[in-house]
Structure formats: structure tokens, C-alpha cells
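Everything below concerns the one structure shown next.
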Amino acid sequence: MAPSPTGPLHIGTARTSLYNYLTARHGGGTFVLRIEDTDVARSTTEFERDIIEGLHWLGISWDEGPQAAGGDDIGPYGPYRQSQRLDRYAAAAERLLAGGNAYRCYCTPEELDAVRREQEADHEAPRYNGRCRSLSDDERAAFEAEGRQAAIRFVVPPETVVWDDLVRGDVEFDNALLGDFVIVRADGSPLYNFTVVVDDAEMYISHVIRGEDHISNTPKQIALYRALGYELPRFGHIPLILNPDRTKMSKRKTQTGVDEYRAQGYLPEALVNFLAFLGWSPGTEEELFSLRELEERFDLDKVHKGGAVFDKDRLDYLNGVYIRSLTDEQLALALRPYLPDAAVDETVLRLVPLVKERLVRLSDVGELVGFLFADDAEVASWYESEELVPRKGEVVDAASALRAVRDELTRLTDADWAADLLETRCREVAERLGFKAGDLFKPIRVAVTGRSVSPPLFGSMELLGRERSLARMDDALGKLATVGVGG
RNA sequence: GCCCCCAUCGUCUAGAGGCCUAGGACGCCACCCUUUCAAGGUGGAGAUCAGGGGUUCGAAUCCCCUUGGGGGCACCA
């Protein structure tokens, strides 16, 4: 896998990495991570860190490559950052030049542009016209005298290239359609199509698995492999992840940062399971897979050719499944970062059963149990007094009901303040007053939690504690009084 | 404009000539359970397998064309 540290870890990169990782693990191979940082202007070690940490977070590990951002490499064919391999590219370029497989090109961007425009006008494919391909020594000297810097272009042999793609089968491309492409810029820096070939070959990469958007780079790279005398790897082009409108997934239309999903409380297990199925399935109706199980079952020849839309609903569903599969202790730990620092561990563990079945993302916990950590006045500000009124009741009913409940519960001691007893007492009150239990519970719920939708009421009250629960009922009574009916 | 790739419910997918009156899952809709919301359970709507031609006794599965969609055509990766 060879990500470019020019941005945070992208969902697409994560998926490609996963497929690479699974292919390597499934086949007992070696998984290599290489950082493609030749674009010095856009590459940062901060992004490198985000990528490496994101992959680790997903559970993806590699046998060769940098193990930490800015850290040392592991593996026999390093260095594994392209910025540290410049001498190799220079040597390869020299070999190409010496063998007549490449030449210096003195064309300026303006000249190139003019040619391109002309070709477009003639409805031709835009490509380099080969002007500098066979310059005489005099012509070369003349350009040099002008002070022009030369880029290096690769001589593309005009032949049809065929490869047996790991996911698509035979793919054919006519390189005669290609112009000679630049492999080294005028400033001496090497370009992608050239560096990957040198690196993949010198790192003995056997399987190149990448997105379908690279399919048209492959014939160029194969030509380079041949010119350089390298042995060809197998290529596999996996389908793209799509926006809901079926265009190539983009930040604009879909959330693409792995760090963002992580921050929102998606579990790596859910993301991995979800990503694996974007373009692959085991061929059965099973759909819950751990990384380990995927390592065992994943196979490139079950990978689809068509793109797959990123379906957020499905990710959400899977995340819920994985959250529910956690033990209470594990979930309490995972929830910690999403709860106020003031929340003690014991409280967190006790609140887990109340929220476990209600969480789509870990970050949802804040909304669910916010009433526990907000002060009474704030909770009272969350609702209008009308919300205290039971479905088919009057404001007076709400007031008298709440008062009855408060009076009843006041008699309980702190020690008795537990969910089951609270429920028993409230049901008794409901019966005495002739309320349906649900109708009575509504005003209590709103008073105590500030919302008409909350975790189970009595468990919530137990956690909140006697004093605060009673105080909030008093606050509610006060709010009803101001509408003019309480008292 | 040129080149290449792809095509099963809205979405992810099962399906490699007869097992398909096309299966599962998400989402959606009902109902059940239920203190709200979830979770769970049951059921339902939802794809004439993009369309048209072939091949075959037989096609979602093979071939061709059309249409639609996507990707690529840089001194980006």
C-alpha cells in the first residue's frame, strides 16, 4: 500500500489498504507500506501520522515500512518513503536515458499548451507530439543556451499492452494512443508513474492492488517495467467507492475522513466490516465479519467490477450491532471520551445498560444522558411546560399527578431509591389517580430528563439520585404554576 | 473530443445455463413486545435481472448492439 501524505486518511485509501492487507494476510504474503511523499509541497508528517495511526486504529498492520509517523523503517528494502529514495529514481532515469528509452524535453508549458489546444480543436486525443524526441546536438545546445531546463520523457513503445488483472481479467490498452510522458520534472523531481515502478520493482512487490482510477496508468507503468528490465507484478484494480449520486466518492458529497468517523464514535470493527463489503462479499449470506475472519475469507476473485455507493445507513446499522456486542465494561471504557470529565467511572458503568441499545455512534451518548450532567435549571430550560401534559390530559392533571408522584417518592430514602421500587411506587400512584401508567410517566420523564424521549425512566432516576430527581419535579411544578394553573 | 471500464430491489449484495414464480441485509411500512425512544420478534411493499437482438430444449447467468453510468486522458497522486 502506498498512500500519499497530502491529506488525512481517506475512506477510499482505508478500503484499498484493507484489500491489500487482506490479500497479503490471506495468501501468507508480506504487506508493505510505502509513503509517497515526492510532492514535497503538499506532503506533511502530520498527514503521515494521521494515515499511520488511522490504519493502526482499523487494525491494519504491515510487515515492512515506517511503523510510526516520522519514525524508523522496518524491512529489508527501505527506505520506505519516496523522499528518501531520490537517488534510486535518478539512477533509473539515467539508465533509461542511456538506453535510449528516455530523452530530455525542452518544451515550455506554454508550448505544450498550444499543442494541446490544437489537438483538441482537431478532435484528437491530447498527447505530447514528440518534438524533442530526436533533437540534434546543436538544437539541444541552443535550448541549453537559452537557459531552458529539461524534463525527462519516456519513449512509449507504440504497442498494445495486455495484462491479466486480478479482478477484471484480461485488460487491453493500445499504447500507440499515448504520447511520451514526463517521468522527471524540469526541476529534477520524479513523477508518480515513474517512482511507483522503480519502488514496486525494487521492493519486490508481487501484487499491486489499487483503485480503478489507476487502470489507465497501468499500461504506462508496464512499459516502464519492460524498459527498465524489471519483472512485472500482478495488478488488481478494485472498484471505486461512490457518492450517493454514483460519482467517485468525494469530500464534498460524502464524509471521507477516517478520523472524522473515529471522532464520532464509529468502531473500527464496524468500519472494517462495512468497507470490506464495498465491492466484495463472501458469496454467502453471512455479513458480519471480524478482521480475522476477513483475513481468512477474503479473496480478490470475489471482488466486483462495478463501483459501490457508500451507504451511511448501513454503516450506522453495523456500528449499532458492534456497539451492542461489546461488554458493559468495554462500552464504558469506549464511552469515556464522550462523557464529561466529571463523570465518575462507576457512574459510566452504571449508565451503560441504559444506553447500549440506543447508541448508533458512541458520541450519541452525550445527547442520551445529558440530563445526568446538566444542572437542574438547565434541564428545566430544555422543555416547555406543555410537554409535561400527558397525551390526553389537561394542565391541571399534569400538576396534580406530578405533585402526587413527588409526594409519594419523597417518602423513599436514598437507600430505597432504586429503579424497581420507583417503578412500583409510580404505578401505584397511577392506579390511585386513575392514570394509565404511560400517561403518568410522561410528565415525570420530562421533568426529570428534560425531554420526552429518554433512556428508561426509572433507571434514569436511580442514576440521577433522589435529591436531584425530586428537585426537578419541583421545578416542573413551578413551571406549570407560571402558566397559571399550578398552585 | 479520445481511450478504457462497468450494469440484479432506493442502497450493499447472493446468483458462474435448469435449484430463480430472483435469496439475504440496510432503509421504508405495518403489527407484536413495551414507561418514551431504541433494541428484539413477525409480516409486507420493493428488481418483467437497463433495453433490444441472438446462441440454447432452456439465460439474470454466454455473444452482439443500443442506452445509461463511471473512470482516465498533467512537468498531481
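Lettering follows sequence order; numbering is per chain, from 1. Here the structure is a predicted model, which means the values were calculated and not measured.
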Just to be sure I understand the rule, does [X] reach a base, reach only the sugar-phosphate, or reach nothing, if contact means heavy atoms closer than 4.0 Å?
{"X": "A/G279", "value": "sugar-phosphate"}
{"X": "A/L457", "value": "base"}
{"X": "A/S454", "value": "base"}
{"X": "A/T38", "value": "sugar-phosphate"}
{"X": "A/E287", "value": "base"}
{"X": "A/L112", "value": "base"}
{"X": "A/R127", "value": "nothing"}
{"X": "A/A437", "value": "nothing"}

Across all strands, who's sitting opposite [N] as a Watson-Crick or G-U wobble pair, both distances under 3.5 Å?
{"N": "B/C76", "answer": "none"}
{"N": "B/U61", "answer": "none"}
{"N": "B/A25", "answer": "B/U11"}

Counting side-chain heavy atoms from C-beta on, which of [options] comes nearest to [X]?
{"X": "A/L191", "options": "B/A77, B/A14, B/U11", "result": "B/A77"}
{"X": "A/T247", "options": "B/G71, B/G24, B/C26", "result": "B/G71"}
{"X": "A/N193", "options": "B/C3, B/G10, B/A77", "result": "B/A77"}
{"X": "A/R324", "options": "B/C75, B/A39, B/C3", "result": "B/A39"}
{"X": "A/Y317", "options": "B/G27, B/G24, B/C75", "result": "B/G27"}
{"X": "A/K305", "options": "B/C6, B/G71, B/A77", "result": "B/C6"}
{"X": "A/L278", "options": "B/C12, B/G71, B/U35", "result": "B/C12"}
{"X": "A/P126", "options": "B/A74, B/C75, B/A77", "result": "B/A74"}
{"X": "A/V453", "options": "B/C75, B/U35, B/C37", "result": "B/C37"}

Between A/T195 and A/D199, is any side-chain donor less than 3.5 angstrom from a side-chain acceptor?
-> no
Salt-bridge contact A/K479-A/D475 (side-chain N to carboxylate O under 4.0 Å) | no
Distance check, [atom1] atoms only: [N] and [M], in whole angstrom units.
{"N": "B/G18", "M": "B/C31", "atom1": "P", "result": "42 Å"}
{"N": "B/C33", "M": "B/G51", "atom1": "C1'", "result": "47 Å"}
{"N": "B/A14", "M": "B/U61", "atom1": "C1'", "result": "13 Å"}
{"N": "B/G58", "M": "B/A45", "atom1": "P", "result": "32 Å"}
{"N": "B/A47", "M": "B/G70", "atom1": "P", "result": "24 Å"}
{"N": "B/A77", "M": "B/U11", "atom1": "P", "result": "35 Å"}
{"N": "B/A74", "M": "B/C64", "atom1": "C1'", "result": "37 Å"}
{"N": "B/A59", "M": "B/G52", "atom1": "P", "result": "14 Å"}

Checking salt bridge (charged side-chain N to carboxylate O under 4.0 Å, His left out) for the pair A/D364/A/R358: CA distance, chi angles, key distance, verdict?
-> CA-CA 9 Å; A/D364 294 338; A/R358 279 158 255 266; over 6 Å; no
B/A77 base stacked by A/H214 (centroids within less than 5.5 Å, tilt under 30°) |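 A/H214 vs B/A77: stacking yes.
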Mark yes or no for a side-chain to base donor-acceptor pair under 3.5 Å between A/R358 and B/C37, with no hydrogen or angle criteria applied.
->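 Such a pair exists between side chain and base.
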Indicate, yes or no, whether a donor-acceptor pair under 3.5 Å links the base of B/A77 to the side chain of A/N217.
-> yes
Can you see if the side chain of [X] gets near the phosphate of [N] - specifically, an N or O under 4.0 Å from OP1 or OP2?
{"X": "A/R185", "N": "B/C76", "value": "yes"}
{"X": "A/R314", "N": "B/A25", "value": "no"}
{"X": "A/R246", "N": "B/C6", "value": "no"}
{"X": "A/K302", "N": "B/U13", "value": "no"}
{"X": "A/H304", "N": "B/C6", "value": "no"}
{"X": "A/S216", "N": "B/C73", "value": "no"}
{"X": "A/Y192", "N": "B/A77", "value": "no"}
{"X": "A/R42", "N": "B/A77", "value": "no"}

Taking the nucleotide of RNA chain B with the closest heavy atom to each, which residue, A/F441 or A/G306, is nearer the 5' end?
->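 Upstream on the strand: A/G306.
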First encountered from the 5' end of RNA chain B, between A/V321 and A/A186 = A/V321
With sequence neighbours left out, what residues match A/F173 under ring pair (Phe, Tyr, Trp, His ring centres under 6.0 Å)?
-> none
So A/F277 and A/W280, would you call those rings parallel, tilted or perpendicular, with 30° and 60° as cut-offs?
-> perpendicular
For the residue pair A/F181 and A/F154, does the interplanar ring angle fall in the parallel (under 30°), tilted (30 to 60°) or perpendicular (over 60°) class?
->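 Tilted, since the angle between the ring planes falls between 30° and 60°.
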Establish, for the pair A/R15 and A/Y19, whether the NZ or CZ atom is under 6.0 angstrom from the six-membered ring centre and no further than 45 degrees off its axis.
->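 So A/R15 does make the cation-pi contact.
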When the distance from CG of A/D39 to C1' of B/C75 is rounded to whole Å, what number comes out?
-> 12 Å
Would A/R427 and A/E431 count as a salt bridge (charged side-chain N to carboxylate O under 4.0 Å, His left out) if you check the C-alpha gap in whole Å, the side-chain angles of each, and the deciding distance to 0.1 Å?
-> CA-CA 6 Å; A/R427 285 187 187 281; A/E431 194 164 338; over 6 Å; no
Give me the one residue out of A/V272, A/L288, A/L267 that meets side-chain contact (heavy atoms from CB on, under 4.5 Å) with A/L318.
-> A/L288
